[in-house]
Amino acid sequence: MVISNNTTSSSNFFLTALPGMETATVWISIPICCLYSIALLGNSLILYIIIIERRLHKPMYYFISMLSAVDLCLTISTLPTVLGVLWFHVLEISLKACLIQMFFVHAFSFLESSVLVAMAFDRFMAICNPLQYATILTDVIIMVIGLVICIRQVVFMFPMILALKNVSFHGGKELSHPFCYHPDMIKYTHSNPWISSFFGMFLQLYLTGTDLLFILFSYALILRTVLSIVAPKKQQKALSTCVCHISAVTIFYVPMISLSLTHRLLNSTPRVICSILGNTYLLLPPVLNPVIYSLKTKTIRRAMLQFFRSKRVHGSSM
C-alpha cells in the first residue's frame, strides 16, 4: 500500500549527515560508527547472555531482552542509510525506500515506548506487590504482554499506512537527517502538510503520551510505597532496582519529544540542530541501554564476566 503511492518513482529525496558540515563528514563518521558498533554489539550480547543463562529466565530479564531486541532493530533500520551517507556519499534515496524506512523507524520507536511501559509494570509489581509478583508475571503472562504490544503496534500503524497511501511528495528535496523521519518528510507534500503533521503528532501523543503517563503513574505508586518503608536501607534498595529503567525512560522520551516539537513547532531552528537531535534520538537509547543494564544490574554483569572468562579459558586451552 505504501509502494502504490501517487508520487512517481523519479521523485527522490536527498539525505544529509549534518547540514552545513559536509566537509567534516569523514571525522563525523568515526564517532557515529563507533556508537553504532556499541549499540549492535551491546544489545546482541545482552540478548545472547539472557538466552543462554537459565538464572536470567525471569520476568525482569525477559523485559530487558525485549528492550534490547527493539533497540537492535531500531539501530539496524537506520544503519544502511547512515553508513551510505557517511562512507559512500550515497545521498539520494527513492521515495519508496524512504517510506519503508520511515515506517520501520516509527514502528520500532513506538514499540520501545510500549516495552518501557511493560517494564514499569514489572517494577510496580516487584515493589508494590512483591508477594504476588511471581504468581502474576508468569511466562505465559509475559508472552501475552509481548503479543499485546505487537498487536497494538499493528493496529495503530495501519492508519499511518492508509494515510500515506494517497499522499504525494515534492521530489528532489533535501532532508535534515541521514534517515527518513515523518515530520521532516511531511513538509514536502503537495497537499496541506499541516494535516499529515497533525495526524502524525496525534498518533505520537496518543501512543507515547499515554505510555509516558502510565509510567509516571506507576512511579507515583512506587514512590508512595517506598516512602512507607521505615528502614532507609530497604528504601534505597527498592529505589536502586528502578534506576536502570528510569534512565532508559529519560534517554528515550527526552530526545524524542525535543525532536518532534522542534520539527513541528520551531520552524526557525537551524537544520543542524534537528540533525543532532535526530541522531541523538535514534542512537542514544540503543547505545546507553546495554551499558546501563550491564553496569547497574549485578546478575547481568556477573553473567557477562563469566561468559568472557569461559571464552578466555577456552581460547587459551586451544
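Atom set for the values below is all heavy atoms of this structure, side chains included, hydrogens, waters and symmetry mates excluded.
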Any idea which heavy atoms bring [X] and [Y] closest together, and the distance?
X: A39; Y: L72; value: O-CD1, 4.4 Å
X: V105; Y: S77; value: CG2-OG, 3.9 Å
X: P285; Y: E112; value: CB-OE2, 3.7 Å
X: P59; Y: D122; value: CB-OD1, 3.9 Å
X: T16; Y: S176; value: OG1-C, 3.5 Å
X: C244; Y: Y293; value: CB-CE2, 3.4 Å

Linked, directly or transitively: [X] and [Y] (ILVMFWY side chains, under 4.5 Å):
X: L213; Y: V117; answer: no
X: V144; Y: V70; answer: no
X: V148; Y: I141; answer: no
X: V115; Y: V154; answer: no
X: M119; Y: V254; answer: no

What distance separates [X] [atom1] from [Y] [atom2], expressed to the nearest 0.5 Å?
X: T81; Y: L91; atom1: OG1; atom2: CG; value: 11.0 Å
X: Y219; Y: T225; atom1: OH; atom2: OG1; value: 12.5 Å
X: I292; Y: I251; atom1: CD1; atom2: CD1; value: 4.5 Å
X: L288; Y: I38; atom1: CG; atom2: CD1; value: 9.0 Å
X: I276; Y: S258; atom1: CD1; atom2: OG; value: 13.0 Å
X: Y133; Y: N129; atom1: OH; atom2: CG; value: 12.0 Å

Any donor-acceptor pair under 3.5 Å from [X] side chain to [Y] backbone:
X: H57; Y: I50; result: yes
X: Q235; Y: I229; result: yes
X: S294; Y: P290; result: yes
X: S65; Y: L47; result: no
X: S44; Y: L41; result: no
X: D211; Y: L116; result: no

4.5 Å side-chain heavy-atom contact, [X] and [Y]:
X: L282; Y: V82; answer: no
X: D139; Y: Y62; answer: yes
X: M66; Y: L111; answer: no
X: S68; Y: N289; answer: no
X: R123; Y: M60; answer: yes
X: L212; Y: T208; answer: no
X: I46; Y: L67; answer: no
X: N12; Y: I93; answer: no

For residues 56-106, pull every pair meeting disulfide (SG to SG under 2.5 Å), keeping only residues two or more places apart or in separate chains.
C98-C180
Decide if atom CZ of R302 counts as having more than 12 heavy atoms of other residues, nucleotides or ligands within a radius under 6.0 Å.
no
For R55, salt bridge (Lys or Arg N to Asp or Glu O under 4.0 Å) partners two or more places apart
E53
Parallel, tilted or perpendicular: ring planes of H177 versus Y181, cut at 30 and 60 degrees:
perpendicular
Kindly assign one of parallel, tilted or perpendicular to the pair F104 and F108, based on the angle between their ring planes and the thresholds 30° and 60°.
parallel
Stepwise, does the side chain to side chain contact (heavy atoms under 4.5 Å, CB included) test hold for T135 with Q132?
CA-CA 5 Å; T135 56; Q132 298 179 355; 4.0 Å; yes
Would I145 and F63 satisfy side chain to side chain contact (heavy atoms under 4.5 Å, CB included), going step by step from the backbone distance to the final call?
CA-CA 10 Å; I145 290 174; F63 290 123; 4.1 Å; yes
Quick one about T297 and Y61 (side-chain donor to acceptor, distance below 3.5 Å, no hydrogens or angles considered), yes or no?
no
Does the side chain of Y253 come under 3.5 Å of the side chain of S113 through a donor N or O and an acceptor N or O?
yes
Side chain to side chain contact (heavy atoms under 4.5 Å, CB included) between L137 and K58, worked out:
CA-CA 9 Å; L137 286 177; K58 298 178 181 178; over 6 Å; no
Residue pair M143, L147: steps toward the side chain to side chain contact (heavy atoms under 4.5 Å, CB included) verdict:
CA-CA 6 Å; M143 289 178 63; L147 184 61; over 6 Å; no
Do the two ring centres, one from F156 and one from H106, sit under 6.0 Å apart?
no
